[in-house]
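Quantities reported herein were computed from a predicted structural model and do not represent experimental measurements. Note on naming: letters A, B, ... go to the chains in the order of the sequence lines (proteins, then strands), and numbering restarts at 1 for each one.
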Protein chains: 4
Amino acid sequence: VPGSSLNDAFNAADFEALARDKLDEGAYGYFAGGAGDERTLRDNIDAYARTTLRPRVLVDVSGASAATTVLGADVSMPLLVAPVAFQRVAHPDGEPGTARAAAAAGTVMCLSTLATASAQEVAEAARGGPRWFQLYCFSDRGVTEALVDQAVDGGYQAIVLTVDAPLLGRRERDLRTGFAIPADLEVPSFSRAIGGRREATLQDMFKLLDQSLTWRDVEMLAEISDLPVVVKGVITSEDARLAVDHGAGAVVVSNHGGRQLDGVPATLDALPEVVDAVDGRVEVYVDGGVRRGTDVATAVALGARAALIGRPVIWALAAGGEEGVARLLGLLRDEVELALALLGCPSPDALGPEHVAAPNRHR
Amino acid sequence: VPGSSLNDAFNAADFEALARDKLDEGAYGYFAGGAGDERTLRDNIDAYARTTLRPRVLVDVSGASAATTVLGADVSMPLLVAPVAFQRVAHPDGEPGTARAAAAAGTVMCLSTLATASAQEVAEAARGGPRWFQLYCFSDRGVTEALVDQAVDGGYQAIVLTVDAPLLGRRERDLRTGFAIPADLEVPSFSRAIGGRREATLQDMFKLLDQSLTWRDVEMLAEISDLPVVVKGVITSEDARLAVDHGAGAVVVSNHGGRQLDGVPATLDALPEVVDAVDGRVEVYVDGGVRRGTDVATAVALGARAALIGRPVIWALAAGGEEGVARLLGLLRDEVELALALLGCPSPDALGPEHVAAPNRHR
Amino acid sequence: VPGSSLNDAFNAADFEALARDKLDEGAYGYFAGGAGDERTLRDNIDAYARTTLRPRVLVDVSGASAATTVLGADVSMPLLVAPVAFQRVAHPDGEPGTARAAAAAGTVMCLSTLATASAQEVAEAARGGPRWFQLYCFSDRGVTEALVDQAVDGGYQAIVLTVDAPLLGRRERDLRTGFAIPADLEVPSFSRAIGGRREATLQDMFKLLDQSLTWRDVEMLAEISDLPVVVKGVITSEDARLAVDHGAGAVVVSNHGGRQLDGVPATLDALPEVVDAVDGRVEVYVDGGVRRGTDVATAVALGARAALIGRPVIWALAAGGEEGVARLLGLLRDEVELALALLGCPSPDALGPEHVAAPNRHR
Amino acid sequence: VPGSSLNDAFNAADFEALARDKLDEGAYGYFAGGAGDERTLRDNIDAYARTTLRPRVLVDVSGASAATTVLGADVSMPLLVAPVAFQRVAHPDGEPGTARAAAAAGTVMCLSTLATASAQEVAEAARGGPRWFQLYCFSDRGVTEALVDQAVDGGYQAIVLTVDAPLLGRRERDLRTGFAIPADLEVPSFSRAIGGRREATLQDMFKLLDQSLTWRDVEMLAEISDLPVVVKGVITSEDARLAVDHGAGAVVVSNHGGRQLDGVPATLDALPEVVDAVDGRVEVYVDGGVRRGTDVATAVALGARAALIGRPVIWALAAGGEEGVARLLGLLRDEVELALALLGCPSPDALGPEHVAAPNRHR
């Protein structure tokens, strides 16, 4: 898209086109790619495309608003920024830039354990904005506990524990490009774990993580701090029940953006069984494939408290740094508000399963 | 299609090809485009393509006719001309040209509030032809009432109230081309509302409309004049029931041609639940995706009293003005008549659900 | 396929490629085309592709044979040559060439009313081969009766009455090419009906046909001669029952090769409901979309006594005259025999519904 | 893929690309092709792509292993090397090379009757590796018995009797290229049967096989030696029951890689009905379409003891001889192990139907 600028980006797909232009193949492939044949990667998006909305008319929507709460905190819309690693690979603004944009948009920023900025630096950038800390557990429990301490110190309001990655998924784009994080890009958690810095692949970093985690560790983690533990990576009713039973503060229906095990369900398809199993005891979020305001409305109608968005944020960051992310989040908030209005819902709470067509209603 | 002419147009798709050649990108995109990812836009058409007809043989169809009635008025076929705004953007003949062609074809012309000709001018053009007036309610109720008065004065036989557009849908083609209505093209309702004329986008015009309409307004509107209020934009059984309960004179199953909320059902898919809910109390019409005589027969078989056709009329108007529209409507009437004969139906009233294969009959 | 010859044709699709090369656009389009958007044309073929066969193993098939009977007459396989009009447009060998090839292959040739050879000429060519006569009823009943008399005189063993064409389907390929039958190509039935010869389109010819035929005419036709009346063009259970009740000697499930009403079911999809309704009282045949020996086996497994094949015969005729048709029929007989053997069926009678997977067995 | 090497092959598809480059058209077409329109060939692969896995999280998988047993023998993973004929057409390393790689990978090599190496030669190559012998029954029972004797002598641990090929399927790629096995490539079983050697097509060889085999022959075969008779080519519940009743030692759900009867179900779709019918009395294997570790996990979850892989082994052999096969099997073992870990299964035995989404769970 030669000569195009942020102002020509009208939706999430436009930002991806801009980013593809700016990033080298390795970086683009790292963020864009999925595991195996990338079936789940595509299905995450397709699942929204095969869902049909049922709008109601002649409802007064002159005062409609997308505002809601997550874990009790106010957000401007039911759409949060998902944790994504290595954001300075996309743009020098990195995680602090994303955090500033999210705070300005009035929504949650989730910081990855594998961030290229420290939890403290991001906390300062996002001052005033709600923020959660995504946690990978290291085999060295000292490292893990230090990460939790930093999250507490930085005013993060939740620990988002990723549970679908005991081993790294097979992402063939990275194998082909040989993508690695250059040594001059700081990854504080990794440096702490190895006591220094060097060029490293994601595989190198994953070797430091704990493959033997069980539900008992969720309970232990909940005791380390007062922060709620949000379990991210649940896509079955069985695990949803276990999560609640073991003290999860919330659940994220996630397949790691199709980057771990190829062939698992689209998250939107898994959402109903998780929502049913959780049965209102904790909030349920969903990530993967969210590209439109109508996608957010669909997820909320099917029982999600909010959706999280990952790759589009990276494309916006790559395309225009903090300013890009700000524009993206602004467009998405407009889309969510418009979707609510055209569905006849003055607020997210008005959305329910009756706003989504049952498959058997569709001929 | 270089060198091709109206005589080379044998179906609705041919007219679109001709029109695409004649219109500039902004105008073509305005008429052709839909909201968001244009899923619903495509699905409106696909829904007909996935429907299967069950024809009966050895019925005497030597005297077959497509003639029927809508709201008690005679029409030559169960296919009406849908309201479409700004028709002089497509061709100087504009709405009066379309109205003359519709009258000559013996069917209803629906005039848009956002027409580029006055209700009076069109009434004169369509003299003898049945005509309905599509209404957007302005925040300034005086404007709205003046529009209704004009419709009454112009001999329009129904008010078609659009209810699926409290806000303007997000049509990205228009955002990309910057499509606007030039100041030298008169839009009488808009001029009246702002007390003058200027270049304006559709968004500018929608800002003047009332976002707080409710079913109570349908009742109030029914009291302003003696004209029946046809509620256009209902695609759920719930709203279909409310429409009848609040005095609607008829219902149009419509998703605004896929231009308002992307992801809503194809209108043909929504038709059965609306027909069931209305249960014969008022007539039900359907628009969106109708391109063939067999589509019209399908809609009628599933309970529609008639179908409405929008974009193809615009393509025909762009391709050849009034003459183009006349040729298109002639071709479509031939197609409807042929479809009836080959279905073994001497008239539209002979069509029923038994002429459409149930999904589960199709392997 | 430059330089390719009959010997390079290994299946029906190969013959179409050869024919497309040899025929001018009008002739190719006439034979290849269907009505409207050609949905049914495609679906006839797709229906076989979405059907799954269930083969049985370790059955002794060393003496397997495809031979069967239709209307009591022996045929070498459950595949007959369908009636197709104007075969000399495809190749000078015309209907007599096709008839000789069919007789040599040991199967039925159906001669079209709109043949470019007389019933007598074809009877002489097919001497020894079983032959049926396809009938269109003219408004002038004298013409119709003369055609039946010719069939009787020529030793034809059945009248195949086409019932799905009270009017000619809308075949846009012909409208675009202006395809017409040149005056120097004799169409005996047409010459008789108009008392002379002239260039004519199919539409011109159809204007001479009777649009008011009803089931009563089937009964009357059965009384004109001793030949059984095979009703061709039934695709619903309702009409299948009526056919049997009104004295049909057999039924052909046909949608006229997708050339009459677009949007009707693939014939394979309609076959089960017709077979159920007929309930063994007469034989049921099916045409449309048959391209492979496995398609023939599928049709027979679902209750057809035999399938009919039309377009591929024309492609073979165009590609190599009588010799082409002979090669095609030979290949297809080999395919049918192989399909039977690999399904574990020593003869067509061994095929049953258990050899086709129910849709719900397929995940 | 100019300049690419084995090290650039990261999955089965990569090996096919390399092989396509190296093999001439006839050889590539022979190995790649299927019967008829190759519907079943494609569906074998598609069936895995439309299946969804349900992974469980927070299971300790730090000690996970893919090891299992087949017919009581240890294998490193539930993935065996399928029998494929004429491997020296792909690479001079031929069957001995494949056998060495399989032995090194700790899994079963199945040797084809139509191998280009003797059973003895392969036995020596695979010393220490588990090996099975695939059997075609010749009309000359002496040849058949000699083959079984060789298998016994060579330490093969099972006879894999192919039952879906009483006649050779119609593989049009071979008809077009005229593919034949050159006279200078030894096919020991064929030479024995005709008492010499000459160039021959697969069709020539199949003419020597017995088309009259029945289930009784399975019983007789089981008596010739002590080896279990694995019946390969069963895809219905009826035949699965017959296999067990007639003494089969195991069953392979196979459609001969889509090379025999086109239109039969994908093997993965047939697996559940076979597993149900066998009801645990013997082990069930499945081949066809397996390309990924997740495919192996899917097959095992649905009741297969192991899957077999054919074409990818040939592509790897063509690409790099024994070394290529070794790399392929290594990659696949890694994939299987990763799939198990990410499904939350420490071993293949932990997989069950609950790890595959029921079709109706998927919207």
Q) What parts of residues 342-350 of chain B touch chain C if we use heavy atoms and a cut-off under 4.5 Å? A) B:Leu342, B:Leu343

Q: Could you list which of residues 313-338 of chain B have a heavy atom closer than 4.5 Å to any heavy atom of chain C, in residue-number order?
A: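 At a heavy-atom separation under 4.5 Å, chain C is reached by B:Leu331, B:Glu335, B:Leu338.
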
Interchain contact, [X] with chain B, by part (heavy-atom threshold 4.5 Å):
{"X": "C:Arg216", "value": "neither"}
{"X": "C:Ile235", "value": "side chain"}
{"X": "C:Asp37", "value": "both"}
{"X": "C:Gln260", "value": "both"}
{"X": "C:Leu242", "value": "side chain"}
{"X": "C:Arg39", "value": "side chain"}
{"X": "C:Asp239", "value": "both"}

Q. Should the pair C:Arg173 and C:Phe31 be classed as cation-pi, given the thresholds of under 6.0 Å to the six-membered ring centre and 45° from the axis?
A. no

Residues [X], [Y]: salt bridge by 4.0 Å N-O rule:
{"X": "B:Glu38", "Y": "B:Arg259", "answer": "no"}
{"X": "C:Arg176", "Y": "C:Glu25", "answer": "no"}
{"X": "C:Arg42", "Y": "C:Asp262", "answer": "no"}

Under a 3.5 Å cutoff, is there a donor and acceptor pairing between the side chains of [X] and [Y]?
{"X": "C:Asp204", "Y": "C:Thr201", "value": "yes"}
{"X": "B:Asn255", "Y": "B:Thr40", "value": "no"}
{"X": "B:Ser5", "Y": "B:Asn7", "value": "no"}

Any donor-acceptor N/O pair, [X] side chain to [Y] backbone, under 3.5 Å:
{"X": "B:Thr68", "Y": "B:Pro78", "result": "no"}
{"X": "B:Arg291", "Y": "B:Ile45", "result": "no"}
{"X": "B:Thr267", "Y": "B:Asp287", "result": "yes"}
{"X": "B:Thr107", "Y": "B:Ala103", "result": "no"}
{"X": "C:Asp46", "Y": "C:Ala49", "result": "no"}

For a quick test of reading the model, state the closest non-hydrogen atom pair linking [X] to [Y] and the distance between them.
{"X": "B:Arg292", "Y": "C:Glu172", "value": "NH1-OE2, 2.6 Å"}
{"X": "C:Leu41", "Y": "C:Gly34", "value": "CD2-N, 3.9 Å"}
{"X": "C:Ala304", "Y": "C:Val275", "value": "N-CG2, 4.5 Å"}

Q. Residues in side-chain contact (heavy atoms from CB on, under 4.5 Å) with B:Ser65, at least two apart?
A.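 In terms of side-chain contact (heavy atoms from CB on, under 4.5 Å), with neighbours along the sequence ignored, B:Ser65 is linked to B:Ala67.
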
Q.
Only heavy atoms, only distances under 4.5 angstrom. Which residues in residues 133-144 of chain C are near chain B?
A.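 Residues qualifying by a heavy atom under 4.5 Å from chain B are absent, so none.
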
Q) Which bit of B:Val59 is near chain C, if near means a heavy-atom gap under 4.5 Å: side chain, backbone, both or neither? A) backbone

**Q.** Structural part of B:Arg56 lying under 4.5 Å from a heavy atom of chain C
**A.** both

Q | Derivation of the side-chain contact (heavy atoms from CB on, under 4.5 Å) call for C:Thr236 and C:Glu273 | A | CA-CA 7 Å; C:Thr236 63; C:Glu273 78 173 72; 3.8 Å; yes

